[in-house]
Amino acid sequence: MTTLRLAIQKSGRLSDASKGLLKECGINLQNGKNKLLAPAVNFPLEILYLRDDDIPQYVEDGIADIGILGENVVAESAKNIMVKQKLGFSKCRLSLAIAKSEEFTDLSWFQSKKIATSYPQILSDYLLKNNIQCEIHKISGSVEIAPSIGLADAVCDIVSSGSTLFSNGLKEVKVIMRSEAVLVANENMSIDKQAILNQFLFRIESVNRAKSSKYIILNAPNEKVKEISNLLPGMRSPTVVSLSEPGWSAIHSVVNEQKFWEVIDQLKSKGAEGILVVPIEKMIL
Ligand code: PRP
Ligand code: ZN
């Protein structure tokens with residue numbers, strides 16, 4: 001039987017979220033402590049744990065069929081792999097940062113400076129586009145200490161909460177790229193493997209769609225039901241049921257969370273009461 005091999009980060013920012021996604025997709029892994037390869041027990045998938053920077057090469061070579069990693073790592077690696085799906089988690093940015101005490105004017109600050117980074121490819125493309133000449137010093141870890149030990153004038157590194165920069169006396173002055181986790185795939189997968197990938201993507205989409213939607217329940221006077229329903233179109237149309245109190249109905253609907261915040265004031269002004277907003281676990285269209 002065919003099995004799809006998924007590479008995920010062994011430990012780090014992406015690791016827990018990647019395992020969390022599998023769980024939300026109803027895919028359970030065989031427990032094996034410190035194993036680098038773990039089969040799923042209820043889906044034709046096996047998990048290969050790697051350093052995230054190694055995942056593009058493994059996927060290009062077909063050692064892993066698919067992988068979960070940051071767009072920043074995909075861009076830096078420049079491997080021949082396909083980005084199949086944005087996953088919406090591990091959002092971060094790749095930024096230029098300098099010592100807090102420095103006064104930053106504009107990009108020309110970086111002219112002829114030395115920048116430490118683990119992303120020399122993305123950085124040199126960016127500097128070239130902006131006509132800045134710099135010396136790029138490639139280091140693979142602990143980039144943030146480079147300025148304080150005199151190794152560089154600035155860093156170009158991943159910023160998520162910003163606490164790493166802060167605790168190293170640095171400030172973010174320019175965002176070079178924004179990034180989130182994506183699912184990547186080998187370019188030459190067999191038909192069987194593609195079929196498994198499509199099932200996996202279907203589950204991911206159902207989970208992600210549910211995350212951005214809410215189930216709404218509210219009460220409304222009967223004469224306002226039509227107007228309020230128009231504000232909450234739902235999947236096909238809202239459910240309207242009578243309350244035991246005459247003249248009142250309950251409206252149930254599914255809305256995009258963003259859309260909900262846009263219409264909340266209108267709902268209230270049209271007489272909606274007792275509005276409940278409930279999370280949805282999975283959503284199949
Ligand atoms: C990045 C970066 C910092 C940290 C920033 O590492 O190098 O160490 O995240 O996060 P913060 O702004 O929340 O403090 P990453 O997770 O990409 O790890 P890796 O380079 O070891 O893969
Ligand atoms: Zn990494």
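Atoms within a ligand are numbered from 1 in the order they appear, just like the ligands themselves.
For the pair K138 and Y119, the cation does not sit on the ring face, since its NZ or CZ is not both under 6.0 Å from the ring centre and inside 45° of the axis.
Through direct or relayed side-chain contacts under 4.5 Å between Ile, Leu, Val, Met, Phe, Trp and Tyr, V41 connects to no other residue. Using a 4.5 Å cut-off between side-chain heavy atoms of Ile, Leu, Val, Met, Phe, Trp and Tyr, L170 falls into a hydrophobic cluster with I139, V143, I145, I149, L151, V155, V159, L165.
Remark: S161 engages S163 in a side chain to side chain donor-acceptor pair (under 3.5 Å) (not counting sequence neighbours).
Environment of CD in E281: sparse, with no more than 12 heavy atoms of neighbouring residues, nucleotides or ligands closer than 6.0 Å. The 12-atom threshold is exceeded at NZ of K282, counting heavy atoms of other residues, nucleotides or ligands nearer than 6.0 Å.
Near ligand 1, residues Q9, R13, D52, D157, I158, V159, S160, S161, G162, S163, T164 each place a heavy atom inside the 4.0 Å sphere around the ligand atoms.
The OD1 atom of D53 and the OD1 atom of D52 meet at the Zn ion (ligand 2) at an angle of about 60°, given to 10°.
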